[in-house]
Peer 1: 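The structure is given below, and queries will be raised subsequently.
On a predicted model such as this, the values are computed, not experimentally measured, just so you know. Starting from 1, each residue takes its place in the sequence as its number. Both backbone and side-chain heavy atoms feed into the values below; hydrogens, waters and symmetry mates do not.
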Amino acid sequence: MQPSWPPLESEPFTIEARSADETRRLAVALSPVLVPGDLIVLAGDLGSGKTTFVQGIAAGLGITEQVTSPTFILMKEYSGGRYPFMHLDIYRLGRYQELIDLGYDEFLDPSYVLAVEWGDMIEPMLPQEHLRVSFAYSDNDDDSTRRISLSSKGSRWVERIAQVKDLAMELFPLSEGSD
């Protein structure tokens, strides 16, 4: 029997976004490396920037439709961009079984780019290959600044996370902090 190795995981890198616009710009910078089958897992407190980041991904994919949080409908599909995009918000779900009953396997359609808000709540159910984006309020007194940490899980992301970091550092040259 072959040993099972954990998926490759990158060290997180952190950017300080000083506004919602900067959060969106970071996500737009991520969008060129996205391909169908990608999963972006978003984690963070209420109001920390998850939906704003998803808006940036959608804009970067060329989606012109308004993107809002699907908290009460759970899932929203967008087309008309470079790739089909699915936005899932599982905040209201209380158990794994609820997600399974809703057709979780269908949400993992490899022809879509998928963003899951509150994805950390279903960590054991996630595919090994994904990008994790964590949001936290900054330590300073400015309510609009967020610390956004990106880390990759799985071999599909090994090279692409380096590209994302390079793009992010071009946008935010003073935020070279690393967790």
Peer 1: Between E117 (side chain only) and L42 (backbone N and O only), is there a donor and an acceptor less than 3.5 Å apart?
Peer 2: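 It does not hold such a pair.
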
Peer 1: Return the CG to CG distance between L171 and L26, rounded to the nearest 0.5 Å.
Peer 2: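 Atom-to-atom, L171:CG and L26:CG are 7.0 Å apart.
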
Peer 1: Decide yes or no for D89 and K76: does some side-chain heavy atom of the first lie under 4.5 Å from some side-chain heavy atom of the second?
Peer 2: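 The answer is no; the side chains never approach within 4.5 Å.
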
Peer 1: Test your reading of the model: is there a side-chain donor-acceptor pair from E77 to the backbone of P84, 3.5 Å cut-off?
Peer 2: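 The answer is no, because no donor-acceptor pair under 3.5 Å joins these two groups.
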
Peer 1: Is there a donor-acceptor pair under 3.5 Å between the side chain of K50 and the backbone N or O of D45?
Peer 2: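 Indeed, once roles are kept as given, a pair shorter than 3.5 Å links the two residues.
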
Peer 1: Might you work through the side chain to side chain donor-acceptor pair (under 3.5 Å) test for T14 and S149, ending with a clear yes or no?
Peer 2: CA-CA 4 Å; T14 302; S149 297; 2.7 Å; yes

Peer 1: Do Q128 side-chain atoms and G154 backbone N/O form a donor-acceptor pair below 3.5 Å?
Peer 2: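 No, because the side chain of Q128 does not come within donor-acceptor range (under 3.5 Å) of the backbone of G154.
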
Peer 1: Let me check something: do W118 and L74 share a hydrophobic cluster, defined by ILVMFWY side-chain heavy atoms less than 4.5 Å apart, either directly or through other members?
Peer 2: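 Yes.
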
Peer 1: With rounding to the nearest 0.5 angstrom, report the CG to CE distance, L108 to M125.
Peer 2: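 If I round to the nearest 0.5 Å, the distance is 8.5 Å.
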
Peer 1: Between the side chain of R146 and the main-chain N/O of F135, is any donor-acceptor distance below 3.5 Å?
Peer 2: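 Not confirmed, R146 side chain does not pair with F135 backbone.
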
Peer 1: Measure the shortest side-chain to side-chain distance between I40 and V133 over non-hydrogen atoms and say whether it is less than 4.5 angstrom.
Peer 2: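 Counting from C-beta outward, I40 and V133 do come under 4.5 Å.
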
Peer 1: Are I15 and Y137 connected into the same hydrophobic cluster when the rule is that any two of I, L, V, M, F, W, Y join if their side-chain heavy atoms are below 4.5 Å apart?
Peer 2: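 No, it is not one cluster - the side chains of Y137 and I15 are not joined through contacts under 4.5 Å.
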
Peer 1: Once rounded to the nearest 0.5 Å, what's the spacing between atom CE of M75 and atom CE of M86?
Peer 2: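 Between M75 CE and M86 CE, I get 5.5 Å after rounding to 0.5 Å.
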
Peer 1: Quick check: is I161 connected to V33 through a chain of hydrophobic side chains (ILVMFWY, heavy atoms under 4.5 Å apart)?
Peer 2: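 Hydrophobic grouping puts V33 with I161.
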
Peer 1: For V67 and H87, work out which heavy atoms get closest and say how close.
Peer 2: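 Nearest heavy atoms, V67 then H87: CG1-ND1, 4.0 Å.
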
Peer 1: How long is the gap from CZ on R156 to CD on E129, to the nearest 0.5 Å?
Peer 2: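 Separation between the atoms: 6.5 Å.
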
Peer 1: When you group the ILVMFWY residues by side-chain heavy-atom contacts below 4.5 Å and let the links chain together, are L131 and L167 in the same group?
Peer 2: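 No, because L167 and L131 fall into different hydrophobic clusters, even though each may have its own neighbours under 4.5 Å.
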
Peer 1: Set out, in order, the CA-CA distance, both residues' side-chain angles and the distance that settles side chain to side chain contact (heavy atoms under 4.5 Å, CB included) for D38 and Y83, then state yes or no.
Peer 2: CA-CA 11 Å; D38 280 345; Y83 306 120; over 6 Å; no

Peer 1: Quick one: closest heavy-atom pair of F13 and K165, and the distance?
Peer 2: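 Looking at all heavy atoms of both residues, the closest pair is CZ-CA, 3.4 Å.
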
Peer 1: Please check if atom CD in E159 has more than 12 non-hydrogen atoms from other residues, nucleotides or ligands closer than 6.0 Å.
Peer 2: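 No.
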
Peer 1: Would you mind reporting whether Y78 and L61 have side-chain heavy atoms less than 4.5 Å apart?
Peer 2: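 Sidechains of Y78 and L61: no contact.
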
Peer 1: Can you tell me how far the CG atom of L126 sits from the CZ atom of R132, to the nearest 0.5 Å?
Peer 2: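 Here the rounded value is 9.0 Å.
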
Peer 1: Are any side-chain N or O atoms of R82 and backbone N or O atoms of G60, one a donor and one an acceptor, separated by less than 3.5 Å?
Peer 2: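 Yes, because the side chain of R82 sits within donor-acceptor range (under 3.5 Å) of the backbone of G60.
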
Peer 1: Taking all non-hydrogen atoms of both residues, which atom of G49 and which atom of T23 are closest, and how far apart?
Peer 2: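 Minimum heavy-atom contact is O-CG2, 3.9 Å.
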
Peer 1: Answer yes if the side chains of D109 and S111 hold a donor-acceptor pair under 3.5 Å, and no otherwise.
Peer 2: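 Indeed, the side chains of D109 and S111 share at least one donor-acceptor pair under 3.5 Å.
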
Peer 1: Which heavy atom of V116 sits nearest a heavy atom of L114, and at what distance?
Peer 2: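 Of all heavy-atom pairs spanning V116 and L114, the closest is CG2-CG, 3.8 Å.
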
Peer 1: Could you state the interatomic distance from CD1 (I57) to OG (S31), rounded to the nearest 0.5 Å?
Peer 2: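 Here the rounded value is 8.0 Å.
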
Peer 1: For the residue pair L150 and V164, establish whether any side-chain heavy-atom pair is separated by less than 4.5 Å.
Peer 2: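 Result yes, sub-4.5 Å side-chain heavy-atom pair found.
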
Peer 1: Mind checking whether F53 and V28 sit in one hydrophobic cluster, side chains of I, L, V, M, F, W, Y counted as touching below 4.5 Å?
Peer 2: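 No.
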
Peer 1: Yes or no on side chain to side chain donor-acceptor pair (under 3.5 Å) for S151 and E11, after CA distance, side-chain angles and deciding distance?
Peer 2: CA-CA 6 Å; S151 61; E11 288 294 318; over 6 Å; no

Peer 1: Using the benzene-type ring in the case of Trp, are the ring centres of F85 and Y112 under 6.0 Å apart?
Peer 2: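 No.
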
Peer 1: What are the two closest non-hydrogen atoms of S48 and G44, and how far apart are they?
Peer 2: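 Taking S48 first and G44 second, the nearest heavy atoms are OG-C, 3.6 Å.
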
